[in-house]
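Encoded as structure tokens, the structure appears first; notes follow it.
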Amino acid sequence: MAEMTADQAAGLRRMSAPRPVRVIAVASGKGGVGKTNVTVNLATAFSRLGRKTMILDADLGLANVDLMLGLQPQYNLSHVISGERTLEEVIVEGPGGIQIVPAASGIQGMAELSSAEHAGLIRAFSELNTDVDVMLVDSAAGISDNVVSFSKAAQEVLVVVCDEPASITDAYALIKVLSRDHGIRKFHVIANMARDERQGRELVAKLLRATDQFLEDVILDYMGHVPFDEYLRKAVQKQKVVLEAYPSSKAAKAFKDLAAKADKWPMPRVAGGYLEFFVERLVEAQAGEQEAWI
Ligand SMILES: Nc1ncnc2c1ncn2[C@@H]1O[C@H](COP(=O)(O)OP(=O)(O)O)[C@@H](O)[C@H]1O
Ligand SMILES: [Mg+2]
């Protein structure tokens, strides 16, 4: 057999190295601003861009993602925490081949997991043998340990706001806790249920004024707005994503544009120190990258 050159060997190692996974936590502070809709629709749009997409329903005690998609999973994350099922066994397939990790509904203990349980769950993703390019994490409302742990373990945090004073103050409080106490500096922002782009910008400007004044070093990246759209409500009633039920609606178009934007973000690098989702894939992909330069 012919011997491989060093270049070929490095090339082969690179091909077999896992790809890094882009993990985006969707959070808001306030409930009812559209996190779950943003999550399922962005996931659908990513999947249409050809990305292998996964959703983690991290509203652990009040599952919404499966309901929003009309799925009835037999098992969920409570079975993973109790040790009855592995993470791989609770994953169900949603529309467009999206892989869903379903949460439990009405199990209060799930909303109050210990830090060891959070760490166990986050590490369990590293054991998965599945192809994933993007994972969206649908967070619970509030600033509980669940929200903080999963946001820290993601590489990107996307904050959803809408035109209500409480939405802005709660988003500010969330950003304050994540930046001041947990070292997260960059936040992407979507203005949901906005009348138009101008109102979306005004809304985010309010948030920006507060963060600029009181939170040094925080960077807000305004991604754009999703219009208030009756078709989105109709889609929720039908337990379908608006991108599928009403593909030519304004909301569907906005989600497609936002996913295309996020798809161009630089690929995640390993951040310093704390536990991250799929961290091994990041490390290995980075090592492969370095090897290619040697
Ligand atoms: N862009 C939008 N246009 C119209 N209604 C919306 C929009 N986004 C969200 N909603 C409404 O708000 C409700 C709450 O959204 P949801 O995604 O469940 O919020 P959260 O996950 O933040 O609690 C939805 O069921 C829908 O009726
Ligand atoms: Mg929700």
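All ligand and atom numbering here is 1-based and tracks the order in the structure.
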Task: Chi angles and distances behind the side chain to side chain contact (heavy atoms under 4.5 Å, CB included) call for Tyr222, Leu208 - done: CA-CA 10 Å; Tyr222 173 53; Leu208 199 57; over 6 Å; no

Open item on the list: Quick check on Phe228: does its CZ atom have over 12 non-hydrogen neighbours (other residues, nucleotides or ligands) under 6.0 Å away?
Closed with: yes

Quick one: do [X] and [Y] make a salt bridge, cutoff under 4.0 Å?
| X | Y | answer |
| --- | --- | --- |
| Lys253 | Asp257 | yes |
| Asp133 | Arg22 | no |
| Asp263 | Arg51 | yes |

Do [X] and [Y] land in one hydrophobic cluster if side-chain heavy atoms of ILVMFWY residues count as linked below 4.5 Å?
| X | Y | value |
| --- | --- | --- |
| Leu56 | Val23 | yes |
| Tyr75 | Leu60 | yes |
| Ile175 | Ile190 | no |

Open item on the list: Between Asn146 and Ser144, is there a side-chain donor-acceptor contact under 3.5 Å, judged purely by atom types and distance?
Closed with: no

Open item on the list: Can you list every protein residue that has a heavy atom under 4.0 Å from any atom of ligand 1, sorted by chain and residue number?
Closed with: Gly31, Gly32, Val33, Gly34, Lys35, Thr36, Asn37, Met68, Asn192, Met193, Val226, Pro227, Phe228, Asp229, Leu232, Arg233, Val236

Task: Count of N, O or S atoms belonging to protein, less than 2.8 Å from the Mg ion (ligand 2) - done: 1

